[in-house]
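Reviewing the structure listed below.
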Protein chains: 2
Amino acid sequence: MATHTPESRKARGSGADIIQVARRAGVSPATVSRVTNGRSTVARHLAKRVWQAIEELGYTPNPQARALVSGRSRVLGLLISEITNPFFPELMQSFEDVAGEHDFEVMIGSTNYNRERARIFIRRLVQRRVEGVAVMTFRAESHFLDELIAENIPLVTIDVSANAARSLVLEVDYAQGIDEAVQHLARLGHRRIGFASGPMPHLTNLRRKDAFLRSVKQIGLAEQDAPLFVGDHTFEGGTQAALHFLGLDPHPTAIVCSNDMMAVGVLRVMAERGIRVPQEMSVIGFDDIHLAEFVNPPLTTVRMSRQDLARAAYKGLEQLWTENPAGTRGPIRVATSLVVRQSTDSPGA
Amino acid sequence: MATHTPESRKARGSGADIIQVARRAGVSPATVSRVTNGRSTVARHLAKRVWQAIEELGYTPNPQARALVSGRSRVLGLLISEITNPFFPELMQSFEDVAGEHDFEVMIGSTNYNRERARIFIRRLVQRRVEGVAVMTFRAESHFLDELIAENIPLVTIDVSANAARSLVLEVDYAQGIDEAVQHLARLGHRRIGFASGPMPHLTNLRRKDAFLRSVKQIGLAEQDAPLFVGDHTFEGGTQAALHFLGLDPHPTAIVCSNDMMAVGVLRVMAERGIRVPQEMSVIGFDDIHLAEFVNPPLTTVRMSRQDLARAAYKGLEQLWTENPAGTRGPIRVATSLVVRQSTDSPGA
DNA sequence: AATATGCGGGAAATCGATTTCTGACTTTTC
DNA sequence: GAAAAGTCAGAAATCGATTTCCCGCATATT
C-alpha cells in the first residue's frame, strides 16, 4: 500500500509536452501530432521546425495520453509455464525484442503450473488493457484463457487452439527435428531407441511422441525396439526414465527425450551408474536450452528457435489485428532442427 | 510498423467506464472515484451501491486514464545483465511478484553486456515514464544510467552507487556466506583453497574476493595457500580457472568460485580429467542458481536469495518515493548463506 | 473567368479517470 | 438559538495526447 508524496508528480525531469513543442515551433498541437505520427502530410518547412523543437525540448509523447485517446495501450502479454526452465527466459527475451521493435511493451507472467497464479496474471493483463497475448505454455488448459476470450483479446497459442474467434495457433514442426534425430541415430547404428516423453495431457507431448513413433517406423524398427516412458518434463522425470530404460533387457542404446531437462536427468543417472555417454549410451534432448551446452557431455538436441517462435507469435498477433477476413489465415509454422554435440555416437564406440 | 484497423478500438469487450458505473449507482463519477480509491469518505449506502454497480458491470479503472491525471504510470523498470544466467530470471520473477502486489507492472531489459542494448532499453523506460528502476546488473557502468538520472527517476542499484540524488544502494553481505563456505571447507580439513574470481572492474567481484581473503586469513591460511584466479564469470572462465589451479604444484584441494556458472565450468574440467568431485576436489559456487541442483555432483554454493533481493530493491524504491528527508535512509542489507550439497567433502575422502 | 476540387493546418472535442472547487446540509459551540 | 465549523457529494477543471471538423487558399476543370 505504497503512497507517494504529491510532490513526486511535478518532480519529474525535462518532461516537455506537446503544447510547449507547438509553441516553440510556432504551430498548433495538432500539427505536432501530425508530424510525430506521420499520418497526414505537413509542409516541409513546418515539419522541420517541429522536429527541431522536439529535439531541443527532448520531447517524447506521453504514452498514457496517447493510449487513452487512441484506445491502444501498446502493451502485450506473454504467458509462460515456468521461469526456471531456461527455454522460457530466452523466448521471453526474443519476444520482448520483437515487440520492442514495434513499440510494444510486454507483460510477462509465469504460471509455474499454478492455476491461481495464472488467474491473477490474466486479471492483470485485462486490467492493463493489453492488445494481445502470446500463450507460450505448451499446456492445454484453455479455461485459463476464458477471461481473455471474454474480453475479445487477440490470442496466439502453441499447438493447442484456444477455440476463440480472435485466436490463432502456431504449429511447431516437431516431426522435422525428431526425424533428423532418429535418422542421425540410425546412421550411427542404433537399432534400439527409447523415447522419454513428457506428460500426456499436453498436446505438445503427444505430437512429439507421434513424430518419434513415425520416425522409428520409417527406419524400420519394430515396436518393442522403440520403448516409451512417460515422465513429467523435469529433471526427476528424466532420472525415472533413465532407470526405467536401464531396467529393460536388452536396454536401448540410445534415449531420445521430449525436452532437455529430462535429458539432463538421464545424463545424471548414467554418470552415477558409471555408464559412459556417448560410448555406452547416446542421449538426445529437445529444446536446446542454454544449459545443453554445459552439461557433460554437451547435449545433442533438437532445437526450436526462440527467435523463430517469438517472431511467429508476434506475426500471429499482427494477423489477428488486421483481421484479414478472407485473409491468408494459413497456419504459421515454426521449424525445428537437430544440433549435434557430443552425447551421441555409435553404440559401443 | 504495424497499423491497426480503426475498428479495433470499439471492438473491446465489456469495458464499462466510470460514467456508466456512476449512472447505474445513481451517483456522480467523482463519488465512484472516491469509492474505488478509498481516499475520502463516502456514505455507507452509496458506497455499497457503487460497489454493486462495479461488480455488475465488471468495471476496472482504465490505467492509462488514471496514470495520465495522477502523473504516475505504475510501471517500474528492471535492468539485468544477461537472461541466460538463471539467477536473473528467478530474480525477475520475484521482482515482478513484489511489484504486482503493489499494483506495479515491470518492464524488463537485459543488457547482455551490450552498451547499445542497454541504451535502447533505458530510452524505452524513460519514454514509458517508469516511476523507478532496479538496476540489478552487478556492473559499475553507471554512465548507462545517466539518462535516468537526468530524468530524476528513482534508482536502486547493487553494490555500486549510481551517484545520484534519488538513488540508493543495496548492500549484499557477501562476507557472511563466503565465511560460512570457507569455514565449512576448513572444518572438512582443507588447507589449500583456490578462489576463482569474476572480472575485477566489477565491484561485486572485488567484494567477493576481499571477503574470501579475509576468511582464509581468519582460518590461518598463508597467502600462497589461497591462490586467486581472475576469470570472467562464465562457464569458460570456470574451465580456465580449473586448469590454472590444477597446474599449480601443489594444487588446491578445494576451489571456491565467484559464481555458479564458473563452478559448473570447474566441474566439467574435473570430469574430463577424471578427477572425482568431491573426493579429490571440493567445489563451491556462488548464487545458487536452479542449475546448481542438477549438475553432477549437486553443487554446494552460497545462496543469495532472489526473493530477499527483489524485496529489498522494491523497498529501496519505496524509500526513495517517500523521500524521507531526515529518514531512516540506513543501508538496506541482503543476506547470503551457504547451501551444502554434494560437491564438498574432506580431501582424499 | 467562374466554379469545383483538394489540401494543409488551426480550433475544439474527445478519451477516462482524478482532483479541486463549491454549495447544501448537519453538527458543534458559546 | 444563531453563528461557526465540518461533512459529503456533485459540477467542472485537468492530465496530454489524437482526431474530427471546418475554413482558407491554391490548383484543376469547363
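Computed from a predicted structure; not experimentally measured. A note on names: the letters A, B, ... follow the listed sequences, proteins ahead of strands, and every chain is numbered from 1.
Using a cut-off of 4.0 Å between Lys/Arg side-chain N and Asp/Glu carboxylate O, E101(A) and R311(A) are scored as salt-bridged. With salt bridges taken as basic N to acidic carboxylate O contacts below 4.0 Å, one links E90(B) and R306(B). The pair R119(B)-E116(B) counts as a salt bridge, with a side-chain nitrogen and a carboxylate oxygen less than 4.0 angstrom apart. R74(B) and E105(B) are not joined by a salt bridge, as no carboxylate oxygen comes within less than 4.0 angstrom of a charged side-chain nitrogen.
Side-chain atoms of R117(A) come within 3.5 Å of backbone N or O of S110(A) as a donor-acceptor pair. No side-chain donor-acceptor contact under 3.5 Å links W321(A) to the backbone of P154(A).
To the nearest angstrom, C1' of dA17(C) lies 15 Å from CD of Q127(A). Atom CZ in R66(B) sits roughly 15 Å away from atom P in dG16(C) (whole-Å rounding). R74(B) has its CZ atom 15 Å from the C1' atom of dA17(C), to the nearest Å. Distance I19(A) CD1 to dT18(D) C1': 13 Å, rounded to the nearest Å. Rounded to a whole Å, the CD1 atom of I54(B) is 10 Å from the P atom of dA17(C). If you measure from atom CG of L57(A) to atom P of dG16(D), you get 14 Å, rounded to the nearest angstrom. Q64(B) has its CD atom 13 Å from the P atom of dT18(C), to the nearest Å. R72(B) has its CZ atom 14 Å from the P atom of dG16(D), to the nearest Å.
The phosphate of dT18(D) (OP1 or OP2) has a side-chain N or O of N37(A) nearer than 4.0 angstrom. Contact check, Y59(A) against dA17(D): a side-chain N or O comes under 4.0 Å of OP1 or OP2.
Proximity note for L68(A) (side chain, C-beta onward) versus dT18(C), dG16(C), dT18(D): the nearest is dG16(C).
In this structure the side chain of L309(A) reaches within 4.5 angstrom of the side chain of M136(A), judged on heavy atoms.
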Using the 3.5 Å cut-off, write out each protein N or O paired with an N or O of nucleotides 9-13 of chain D and the distance between them.
| unit_1 | atom_1 | unit_2 | atom_2 | d |
| --- | --- | --- | --- | --- |
| dA9(D) | OP1 | A43(B) | N | 3.2 |
| dA9(D) | OP2 | A43(B) | N | 3.1 |
| dG10(D) | OP2 | S28(B) | N | 3.0 |
| dG10(D) | OP2 | S28(B) | OG | 3.0 |
| dG10(D) | OP2 | T31(B) | OG1 | 2.6 |
| dG10(D) | N7 | R34(B) | NH2 | 2.7 |

